[in-house]
Amino acid sequence: MRHNAPILALLVLSVSGCSYQYEIVATERSGAIVFGPAKETGTGCFADFSVKDQAGEVMWKVTTEKYLPPPCDSKFPITYGVKPQGMTEEVKPLPLQVGTVYRAEGWDGDSYSGTFRFKRGIIIENMPELANGS
């Protein structure tokens with residue numbers, strides 16, 4: 001059994017290396033908070049997408065309840081509180097507070113995340129240095 005441990009560890013490492021991490025940014029569009037890719041993006045075919053506050057409370061969450069492999073339709077851009085087509089709302093949107101830091105996260109086989117807060121008048125400040133939990 002000892003000889004199987006290194007093989008199992010190698011398999012776990014090779015599988016975990018297959019997914020990518022993409023950055024999400026928040027912008028203001030017509031008075032709403034809209035999420036999109038910072039630069040390069042994966043498919044954007046989210047199985048789930050959520051916004052959480054600093055304490056980890058889910059402010060809004062949408063899901064397809066299953067993984068949708070490519071080819072599929074990208075859900076970008078995603079407007080806070082507006083359920084993308086083909087998704088269900090698992091947590092209804094709660095009001096976001098001015099100055100509070102929030103984290104947007106999505107998953108489609110790859111991971112997406114971004115951290116932001118807004119000021120009065122919906123002025124968005126993205127904080128990529130906090131996106132990876134730092």
Side-chain angles (χ1 to χ4, degrees):
M1 219 37 186
R2 282 185 173 160
H3 298 291
N4 290 338
I7 293 170
L8 179 61
L10 181 61
L11 286 173
V12 168
L13 288 173
S14 66
V15 170
S16 66
C18 292
S19 88
Y20 293 93
Q21 173 69 40
Y22 297 104
E23 183 184 355
I24 294 172
V25 293
T27 57
E28 182 275 332
R29 205 178 283 169
S30 301
I33 297 173
V34 178
F35 303 99
K39 299 174 192 160
E40 179 185 344
T41 183
T43 63
C45 304
F46 297 109
D48 63 62
F49 186 89
S50 65
V51 175
K52 299 175 183 175
D53 69 9
Q54 287 177 296
E57 179 182 358
V58 178
M59 305 303 290
W60 181 56
K61 183 174 182 177
V62 291
T63 183
T64 60
E65 299 176 359
K66 63 181 176 180
Y67 171 68
L68 300 171
C72 52
D73 294 327
S74 175
K75 303 297 182 194
F76 282 132
I78 295 178
T79 301
Y80 181 80
V82 178
K83 178 181 68 73
Q85 184 175 357
M87 299 186 87
T88 57
E89 206 166 49
E90 191 171 295
V91 175
K92 298 223 178 272
L94 297 172
L96 301 180
Q97 302 298 314
V98 171
T100 299
V101 175
Y102 296 99
R103 181 176 178 82
E105 299 176 315
W107 183 82
D108 70 357
D110 292 325
S111 296
Y112 299 75
S113 65
T115 306
F116 70 98
R117 68 177 159 206
F118 67 95
K119 300 175 184 175
R120 296 215 180 275
I122 309 186
I123 299 169
I124 305 291
E125 177 186 3
N126 289 289
M127 296 174 290
E129 66 277 7
L130 298 178
N132 293 322
S134 346

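- When all heavy atoms are compared, the tightest approach of Lys66 to Ala47 is O-CB, 3.4 Å.
- The nearest pair of heavy atoms linking Met87 to Lys83 is O-CD, 2.9 Å.
- Cluster partners of Val58, using a side-chain heavy-atom cutoff of under 4.5 Å among ILVMFWY residues and allowing indirect links, are Val91.
- Taking 4.5 Å as the limit, every side-chain heavy atom of Tyr22 sits out of range of all side-chain heavy atoms of Asp108.
- Ser74 and Thr43 get closest at one heavy-atom pair: CB-O, 3.2 Å.
- Note that CD of Glu125 and NZ of Lys119 are 5.0 Å apart. Values are rounded to the nearest 0.5 Å.
- Side-chain contact between Val98 and Phe118: present, with at least one pair of heavy atoms (C-beta onward) separated by less than 4.5 Å.
- The heavy-atom pair separating Ile24 from Gly106 by the smallest distance is CD1-N, 4.4 Å.
- Looking at heavy atoms from C-beta onward, Ile78 lies in side-chain contact with Phe46 at the 4.5 angstrom threshold.
- Checking side-chain atoms of Thr115 against main-chain N and O of Pro128 turns up no donor-acceptor pair under 3.5 Å.
- A 4.5 Å side-chain heavy-atom check between Glu23 and Asn126 finds every atom pair outside the cut-off.
- Residues Glu28 and Ile124 share a closest heavy-atom pair of N-CG1, 3.7 Å.
- The hydrophobic clustering, which links ILVMFWY residues whose side-chain heavy atoms are closer than 4.5 Å, places Tyr80 and Val62 together.
- Annotation: Phe35 is in aromatic contact with Phe116 [ring centroid separation under 6.0 Å].
- For Lys92, the side chain to side chain donor-acceptor pair (under 3.5 Å) test picks out Glu89, with sequence neighbours left out.
- A continuous path of ILVMFWY side-chain contacts below 4.5 Å connects Leu94 to Ile33, so both sit in one hydrophobic cluster.
- Looking at Phe49 and Lys75, their side chains never come closer than 4.5 Å, going by heavy atoms from C-beta outward.
- For the atom pair Thr64 OG1 and Glu90 CD, the distance stands at 10.5 Å (nearest 0.5 Å).
- For Tyr67 (side chain) and Gly109 (main-chain N/O), no donor-acceptor pair under 3.5 Å exists by modelled atom type.
- Here the side chain of Asp48 pairs no donor or acceptor atom with the backbone of Thr63 at under 3.5 angstrom.
- A donor and an acceptor atom, one from each side chain of Gln21 and Ser113, are located under 3.5 Å apart.
- For the pair Phe76/Tyr112, a side-chain contact is recorded, criterion being any heavy-atom separation below 4.5 Å from C-beta on.
- Rounding to the nearest 0.5 Å gives a distance of 8.0 Å between NZ of Lys52 and CZ of Arg103.
- For the atom pair CE of Met59 and OG1 of Thr100, the computed distance is 8.0 Å after rounding to the nearest 0.5 Å.
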